[in-house]
Amino acid sequence: MTDHHEHLKDDFFLPDLGSVRSVFLLVLISELFVLVQVLALPGTMDFSWTRLAMMSLFVQWIVLSSSAFLYLARPYLKKLPTWQSVTIAMAGVQVITLILTLLAQKFILPLSGPMPDWLQILRNMLAALLISGMLFRYFYIQYEVQMQQQVIHNARLDSLQANIRPHFLFNSMNIIASLIQINPDKAEQAVEDLSDLFRASLQNRSAVVPIRKEIQISESYLRIEQHRLGDRLRVNWQQGDLPANITIPPFTLQPLAENAVYHGIQRLEQGGSITIQISADHQMVQISVENPMPYTETISTGNQIALSNIRSRLEMLYGNKASMTTDIKEQDGSKWFTVRIQYPNKIDNLLQE
């Protein structure tokens, strides 16, 4: 899994012009340029659909050819200093404009004389130079803004995850400390589980991890809690067959399980059962964690802090495509607290666009 500092943005100012969206935008912008140019002709010249069609064909020819050149050259340009990559890119557009103008004068709008119209060629090359220069400047400014946003994003994400990891690990150590005097054998087993959790915590620096890894961390944590609570804690996992490529922000499921224990099961004399449901398809991942809670209890401050942390990380990674809701219901004289999370199975945020 790549580090999230590298995952969100390709380190080059020139966007990937191989996508359908990029090509469509370039075609649309160039067509608007042609339309403005035709409408801006002197008043003595009538509007001509033929002229519009010919100019559109010529301009789109240049735009698509230049896009193909920049797309193919991008892997090599990104290895060069910025000024060199810009120079080569603009020179390539100029050469393409020159060649296509000569071909257009020969086949689309044949001239009466044998010599090319060099004045028109110079005009076309100057127009291509100005437009490509403005586009590259726009791409570079947009790239700098996105890099600044990514730095802020990474700092906030690191801060949120740094806040939740020590809390989880300290709680686990307190559990083991309480078990040493009560049941040394269980304490030893808990230490082994905690060592796995420490390793997962210290090694994980990614924006997302495989959901199977997060499930394993949560299972290890709940086993530690079961050493302490015994039969008072029961866990009902409902996972189904999850696709292998499903990911999740690290320490998302485990804090929900921890809240279910500390703010629900632990406060009930008879204990109870935590139900964890996980389902996914090619579009979305759905997770719900349900636990009983004391009848007079409300959502505590500690619970709200953890939920706010998870919600913030989901919003940063998935935007408005992710959601987290909470619900308290009463059934058969018992009170139940449920957290539901839904998010896309791939990161899709502003920094990747």
Side-chain angles (χ1 to χ4, degrees), residues 160-161 163-198 200-201 214-239 248 250-278 287-311 313 324-341:
L160 288 169
Q161 297 193 166
N163 286 339
I164 205 166
R165 287 191 182 107
H167 175 74
F168 151 66
L169 294 172
F170 291 152
N171 281 347
S172 300
M173 291 176 68
N174 288 333
I175 294 172
I176 292 174
S178 65
L179 284 173
I180 290 176
Q181 297 178 349
I182 301 173
N183 193 324
D185 292 335
K186 287 186 177 180
E188 183 179 353
Q189 295 174 4
V191 168
E192 293 178 359
D193 282 330
L194 184 59
S195 65
D196 294 335
L197 299 180
F198 262 115
S201 174
E214 181 72 5
I215 291 173
Q216 290 174 359
I217 291 175
S218 302
E219 288 175 337
S220 297
Y221 169 77
L222 289 171
R223 279 197 302 269
I224 294 174
E225 289 286 11
Q226 283 177 324
H227 292 320
R228 181 173 65 93
L229 297 174
D231 294 338
R232 291 176 57 200
L233 172 59
R234 300 176 295 278
V235 183
N236 178 21
W237 288 92
Q238 299 179 8
Q239 301 177 34
I248 187 173
F251 288 93
T252 296
L253 183 57
Q254 184 277 328
L256 297 181
E258 183 175 341
N259 282 346
V261 172
Y262 272 82
H263 304 290
I265 305 300
Q266 179 175 273
R267 302 190 181 190
L268 295 170
E269 183 178 353
Q270 73 279 13
S273 177
I274 299 173
T275 300
I276 302 176
Q277 294 181 318
I278 305 175
I287 297 174
S288 71
V289 179
E290 183 182 62
N291 63 273
M293 60 187 298
Y295 199 80
T296 57
E297 185 76 14
T298 58
I299 301 178
S300 65
T301 302
N303 201 342
Q304 289 176 342
I305 293 174
L307 296 179
S308 177
N309 183 301
I310 296 171
R311 182 180 287 109
R313 289 189 290 150
M324 185 174 74
T325 60
T326 60
D327 177 50
I328 298 177
K329 67 179 180 180
E330 297 180 10
Q331 183 178 354
D332 299 330
S334 300
K335 201 171 185 180
W336 295 83
F337 178 71
T338 306
V339 181
R340 295 182 178 88
I341 293 176

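Hydrogens, waters and symmetry mates are skipped; everything else that's a heavy atom, side chains included, is used. We count residues from 1, following the sequence as given.
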Between [X] and [Y], is any pair of side-chain heavy atoms under 4.5 Å apart?
X	Y	answer
Pro255	Ile310	yes
Ile278	Ile215	yes
Glu219	Trp237	yes
Leu222	Ile276	yes
Asp327	Arg340	yes
Thr326	Thr338	no
Val339	Ser288	no

Show the nearest heavy-atom pair for residues [X] and [Y], with the distance to one decimal.
X	Y	value
Ile274	Val261	CD1-CG2, 3.8 Å
Leu256	Thr252	CG-O, 3.3 Å
Arg267	Tyr262	NE-O, 3.3 Å
Val235	Gln226	CG2-NE2, 4.0 Å
Ser273	Pro292	O-CD, 3.3 Å
Pro294	Gly264	CD-O, 4.2 Å

Which distance, rounded to the nearest 0.5 Å, do you find between the [atom1] of [X] and the [atom2] of [Y]?
X	Y	atom1	atom2	value
Gln254	Gln216	CD	CD	14.0 Å
Asn291	Lys335	CG	NZ	12.0 Å
Leu268	Leu233	CG	CG	11.5 Å

Exercise. Can you name the salt bridge (Lys or Arg N to Asp or Glu O under 4.0 Å) partners of Glu290, sequence neighbours left out?
Worked result: Lys329
Donor-acceptor pair, distance only, cut-off 3.5 Å: does the side chain of [X] make one with the backbone of [Y]?
X	Y	answer
Arg232	Gln266	yes
Gln277	Val289	no
Glu214	Leu253	yes
Arg313	Phe251	yes

Exercise. Do Tyr221 and Glu225 get their side chains close enough for a donor-acceptor pair, meaning under 3.5 Å?
Worked result: yes
For this session: Give a yes-or-no answer on whether the side chains of Ser308 and Arg311 include a donor-acceptor pair shorter than 3.5 Å.
Result: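 Side-chain D/A pair, Ser308 to Arg311: absent.
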Exercise. Looking at residues at least two apart in the chain, or sitting in another chain, which of them share a side chain to side chain contact (heavy atoms under 4.5 Å, CB included) with Asp231?
Worked result: none
Exercise. Near Gln239 CD, under 6.0 Å, is it more than 12 heavy atoms from other residues, nucleotides or ligands?
Worked result: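 Yes - once you tally the heavy atoms of other residues, nucleotides and ligands closer than 6.0 Å, there are more than 12.
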